[in-house]
Amino acid sequence: VQLQASGGGLVQSGGSLRLSCAASGGRFRINATGWHRQSIGKERELVASIGSDGSTRYADSVKGRFTISRDNAKNTVFLQMNSLKPEDTAVYYCEADGWEFERDVVIAGRYWGQGTLVTVSS
């Protein structure tokens, strides 16, 4: 399974961006999926996640500003980021837990996208 993230860029404080991450590959099914971020000198942190049932979870720092959603038909997850702050500056990575189906074999895995840079200027 390959994850392709897009939508990062440079935005002023208070602005908005929408990240997208599309999964592709052979036969697969995505369970939970989400977004993580990593800024310089810090560890990677979970920003938001969404389960196969649509349940969501957010880091306290983004609650009320970010919204995660998914389009199961297109195997795509989105992160709408509003009221961006300079401290949101980071490389954002999409991640997914799921299964690949090869003949009679089911392989569970965790997949990562390549990262997309979000820069928020003050």
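Atoms considered below: every heavy atom in the structure, side chains included; atoms not considered: hydrogens, waters and symmetry mates. Quick caveat, the model's predicted, so the values are computed rather than measured.
- Atom CD1 of residue Ile68 and atom OG1 of residue Thr33 lie 6.0 Å apart, to the nearest 0.5 angstrom.
- Closest heavy-atom contact between Ser6 and Thr116: C-OG1, 4.3 Å.
- Considering all non-hydrogen atoms of both residues, Asn31 and Ser52 come closest at OD1-OG, 3.2 Å.
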All N/O donor-acceptor pairs, side-chain side in residues 96-111, below 3.5 Å, sequence neighbours left out:
| from | atom 1 | to | atom 2 | distance (Å) |
| --- | --- | --- | --- | --- |
| Asp97 | OD1 | Arg110 | NE | 2.7 |
| Asp97 | OD1 | Arg110 | NH2 | 3.4 |
| Asp97 | OD2 | Arg110 | NH2 | 3.1 |
| Glu100 | OE1 | Val1 | N | 3.2 |
| Arg110 | NE | Glu95 | OE2 | 3.1 |

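- Asp71 and Thr76 share no side-chain donor-acceptor pair at under 3.5 Å.
- Sorted by first then second residue, the disulfide (SG to SG under 2.5 Å) pairs that include residues 34-122, not counting sequence neighbours, are Cys21-Cys94.
- For Ser69, the side chain to side chain contact (heavy atoms under 4.5 Å, CB included) partners two or more places apart in sequence, or in a different chain, are Phe78.
- Listed by first and then second residue, the ring pair (Phe, Tyr, Trp, His ring centres under 6.0 Å) pairs involving residues 22-72 are His36-Trp112 (not counting sequence neighbours).
- Annotation: side chain of Ile50 is in contact with side chain of Val77 (closest heavy-atom distance under 4.5 Å).
- Take Ala59 and apply the side chain to side chain contact (heavy atoms under 4.5 Å, CB included) test, not counting sequence neighbours, and it matches Ser61, Val62.
- Counted by atom type alone, Arg70 and Asn72 present one or more donor-acceptor pairs between their side chains at under 3.5 Å.
- No side-chain heavy atom of Leu79 sits less than 4.5 Å from a side-chain heavy atom of Thr67.
- Here Gln38 pairs with Arg44, Tyr93 under the side chain to side chain contact (heavy atoms under 4.5 Å, CB included) rule; sequence neighbours left out.
- Listed by first then second residue, pairs satisfying salt bridge (Lys or Arg N to Asp or Glu O under 4.0 Å) with a partner in residues 47-67 read Asp60-Lys63, Arg65-Asp88, not counting sequence neighbours.
- Atom CD1 of Ile40 and atom OG1 of Thr89 lie 9.5 Å apart (nearest 0.5 Å).
- For residues 12-28, the side chain to side chain donor-acceptor pair (under 3.5 Å) pairs, not counting sequence neighbours, are Ser16-Asn82.
- Applying the salt bridge (charged side-chain N to carboxylate O under 4.0 Å, His left out) rule to Glu45 yields the partners Arg37; only residues at least two apart in sequence or on another chain are considered.
- Legend: residues meeting side chain to side chain contact (heavy atoms under 4.5 Å, CB included) with Val118, ordered by chain and number and at least two apart, are Leu17, Leu19, Met81, Tyr92, Val120.
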